[in-house]
Amino acid sequence: MRKAALAGLLLVVAAPAACSAAGTGGAASDLAVPGAAAVTGAAGSVAFAPSADAVDISTCKVSPSGHAQVEGTITNSGSRRASFIASVDISQGGVRVDGVGLVAVAVEPGEAVRSAEQGIRSGLKGKLTCTVVDVSAVPSGSG
């Protein structure tokens with residue numbers, strides 16, 4: 001049963017790659033991002049993993065309600081409109097306490113978009129550290 005659950009998880013993780021460049025009418029090279037790694041998914045479709053440099057975290061603090069508050073800017077340094085998701089780990093005293101995903105949809109080349117999210121864990125106090133652990137991008141239509 002454990003192997004079956006893991007296989008299902010791997011399918012779910014691989015599924016977003018199947019929705020990337022397929023049907024957008026562009027080649028993978030149209031979204032070249034410095035420091036990016038191409039990730040090939042089902043049927044040879046391509047999603048991109050830009051470097052963490054594409055995201056600048058400007059706010060990482062505990063909100064008055066005791067939740068992590070994360071704000072950042074996502075910059076598209078590629079040559080094609082794309083949508084981005086940045087996974088951010090939130091830690092306190094070296095221990096991961098929460099995580100958020102910063103999202104930017106249909107970002108034009110050269111454009112920088114602000115994104116903000118609140119963590120789900122409550123009761124946090126004190127200093128937080130936010131680390132971008134993964135950034136993914138997929139072409140989003142013509143642009």
Side-chain angles (χ1 to χ4, degrees), residues 4-143:
L6 182 57
L9 176 64
L10 292 175
L11 267 177
V12 170
V13 170
C19 300
S20 59
T24 62
S29 60
D30 291 342
L31 187 64
V33 177
V39 180
T40 303
S45 61
V46 179
F48 292 86
S51 70
D53 294 340
V55 181
D56 178 39
I57 302 294
S58 56
T59 301
C60 179
K61 66 181 184 180
V62 177
S63 71
S65 65
H67 293 86
Q69 181 180 344
V70 181
E71 296 177 16
T73 302
I74 299 172
T75 303
N76 181 355
S77 57
S79 61
R80 181 152 188 210
R81 179 188 304 156
S83 294
F84 294 80
I85 184 163
S87 297
V88 180
D89 276 355
I90 303 161
S91 59
Q92 196 168 46
V95 176
R96 185 181 185 279
V97 295
D98 209 344
V100 298
L102 297 178
V103 177
V105 178
V107 182
E108 296 294 337
E111 184 179 12
V113 175
R114 296 202 41 85
S115 181
E117 285 297 329
Q118 178 175 293
I120 59 171
R121 183 170 177 187
S122 60
L124 295 174
K125 295 178 182 176
K127 183 178 165 90
L128 299 176
T129 301
C130 292
T131 305
V132 177
V133 294
D134 185 48
V135 183
S136 296
V138 294
S140 58
S142 58

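Between S140 and A106, the shortest heavy-atom distance links the atoms OG-CA, 3.4 Å. Contact detail for S58 and R114: the closest heavy-atom pair is OG-NH2, 3.3 Å. Across every non-hydrogen atom of R96 and D89, the tightest pair is NE-OD1, 2.8 Å. When all heavy atoms of V70 and L102 are compared, the closest pair comes out as O-CD2, 4.0 Å. Counting all heavy atoms, side chain and backbone alike, I74 lies closest to S115 at CD1-CB, 4.5 Å.
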Using residues 116-133 as the side-chain source, report each donor-acceptor pair under 3.5 Å to any protein atom, sequence neighbours left out, with the distance given to one decimal.
none

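I57 CD1 to E71 CD: the interatomic distance, rounded to the nearest 0.5 Å, is 9.5 Å.
For the residue pair T75/S77, the side-chain donor-acceptor check at 3.5 Å is not satisfied.
T73 places no side-chain N or O within donor-acceptor distance of the main-chain N or O of V113, the cut-off being under 3.5 Å.
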